[in-house]
Amino acid sequence: MPVIMKPVVKLDLNLKLEKEFYARDLLQVAKDLLGKILVKKNGKEITAGKIVEVEAYDGSTDEAAHSYRGPTPRNKIMFEVGGYLYVYFTYGNHFCCNVVTGKKGKGTAVLIRAVEPVSGQDKMIINRFGGKKISGKDLYNLTSGPGKVCKAFGINTSDSGTDLTGNKIFLLNGTVIKKSSIGVSRRIGITKSTELPWRFFIKDSPFISRKAVK
DNA sequence: ATCAAGATTACCT
DNA sequence: GGTAATCTTGATA
């Protein structure tokens, strides 16, 4: 039985975001991603979550970006036109997924740091905790970090390069987030270019990875 | 061929 | 609040 009391939302697949959305400026896309619905389809199975926290990375000026030193086998998809998924593996355990943005050659992408589960919560619990019963407060621990999101959705490096206008992993138009409810801070977990205020999150969401950043 | 660092998480006090 | 775990990637030789 689902532990989560949230009603399963009926997803309208006609609201899929198109290429033009992604091909715009990095910071614009980053803020606009808040409230959008990340969807992964696996046959009949669907996992979906509302994006509540993101970070922007820009290889041209930002030393923390994987693209800062130019294309490599791992990051080359970041240099494509916006609308692809970039997934990398880190710390020996975790995958992180990013939305590539901008024009071809830019090397810009947005890290999806946290989502609010919308559909397929049971599958997320299986992926994250082996299907063990979870308590109510663990709901907020299901997808509240970039590694957690990938684990819950079953996203790994084999998904890197996925075309987000396709039918496997994509985004749907969701809630429009008022400018006044968007929080801004420095980015988490980096040691270079730490001064850039490029983390964006929905202020009152209990599903973000952290409240405050040092 | 070798090595250090890492866009994190879970678990401990 | 602090830190060990874990292994791929990219840089250097």
Side-chain angles (χ1 to χ4, degrees), chain A residues 22 26-27 29-31 33-34 38 49 51-80 82 84-102 106-115 117 124-135 137-162 164 169 183-202 206-214:
Chain A
Y22 303 103
L26 168 69
L27 295 180
V29 176
K31 292 173 210 169
L33 280 172
L34 295 174
L38 172 68
I51 297 174
V52 298
E53 178 181 347
V54 299
E55 283 176 0
Y57 288 87
D58 179 352
S60 66
T61 54
D62 166 16
E63 289 189 76
H66 288 171
S67 48
Y68 183 64
R69 284 162 217 286
T72 66
R74 176 176 70 162
N75 70 17
K76 63 179 193 292
I77 194 65
M78 284 184 77
F79 292 89
E80 263 306 325
Y84 291 95
L85 197 68
Y86 166 50
V87 184
Y88 64 88
F89 181 76
T90 191
Y91 290 108
N93 270 311
H94 311 292
F95 298 102
C96 296
C97 76
N98 302 254
V99 171
V100 175
T101 71
K106 277 289 195 182
T108 55
V110 180
L111 173 69
I112 297 180
R113 286 197 55 90
V115 307
M124 295 183 195
I125 294 167
I126 289 168
N127 289 342
R128 284 268 291 133
F129 306 116
K132 292 196 195 87
K133 273 193 178 176
I134 65 170
S135 70
K137 68 174 197 215
D138 288 332
L139 167 60
Y140 302 117
N141 186 33
L142 199 51
T143 51
S144 57
K148 298 175 189 176
V149 170
C150 283
K151 186 120 193 246
F153 278 67
I155 291 172
N156 59 59
T157 45
S158 75
D159 297 304
S160 197
T162 300
L164 294 172
I169 301 174
V184 182
S185 80
R186 284 142 67 121
R187 296 171 296 178
I188 295 173
I190 55 170
T191 58
K192 300 170 201 159
S193 297
T194 54
E195 72 287 353
L196 296 172
W198 284 0
R199 171 174 175 256
F200 305 101
F201 54 97
I202 299 178
F207 295 91
I208 58 178
S209 67
R210 301 191 196 178
K211 279 260 189 309
V213 182
K214 297 189 235 188

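Values below: every heavy atom of this structure, side chains too, minus hydrogens, waters and symmetry copies.
- Side chain of E53(A) to backbone of S209(A): a donor-acceptor contact under 3.5 angstrom is found.
- With ring centers used as reference points, F207(A) lies under 6.0 Å from Y140(A).
- Nucleotide dA7(B) forms no Watson-Crick or G-U wobble pair with any nucleotide shown, as no partner meets the under 3.5 Å limit on both distances.
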Scoring nucleotides 8-13 of chain B by protein non-hydrogen atoms under 4.0 Å (B base, S sugar-phosphate only, - none) yields BSS---
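- By the neighbour-count criterion of 12 heavy atoms within 6.0 Å, atom NZ of K148(A) is densely surrounded, having more than that number from other residues, nucleotides or ligands.
- With T108(A) as the partner, the side-chain hydrogen bond (donor to acceptor under 3.5 Å, both in side chains) test is satisfied by one option alone out of D62(A), D58(A), T101(A): T101(A).
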Reading nucleotides 8-13 of chain C from 5' to 3' and marking B where a protein heavy atom lies under 4.0 Å of the base, S where only the sugar-phosphate is that close, and - otherwise, the string is SSSS--
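- Under a 3.5 Å cut-off, the side chain of N98(A) and the backbone N or O of A109(A) do not form any donor-acceptor pair.
- With contacts defined as side-chain heavy-atom distances shorter than 4.5 Å, the pair N141(A)/R128(A) qualifies.
- Of the possible polar contacts, none joining the E55(A) side chain to the R113(A) backbone as a donor-acceptor pair under 3.5 Å is found.
- Across all strands shown, dT6(C) forms no Watson-Crick or G-U wobble pair with both key distances under 3.5 Å.
- The side-chain tip of R187(A) points at the ring of Y57(A) from less than 6.0 angstrom away and within 45° of straight on.
- Atom-to-atom, CZ of F95(A) to P of dC7(C) comes out at 11 Å; the value is rounded to the nearest Å.
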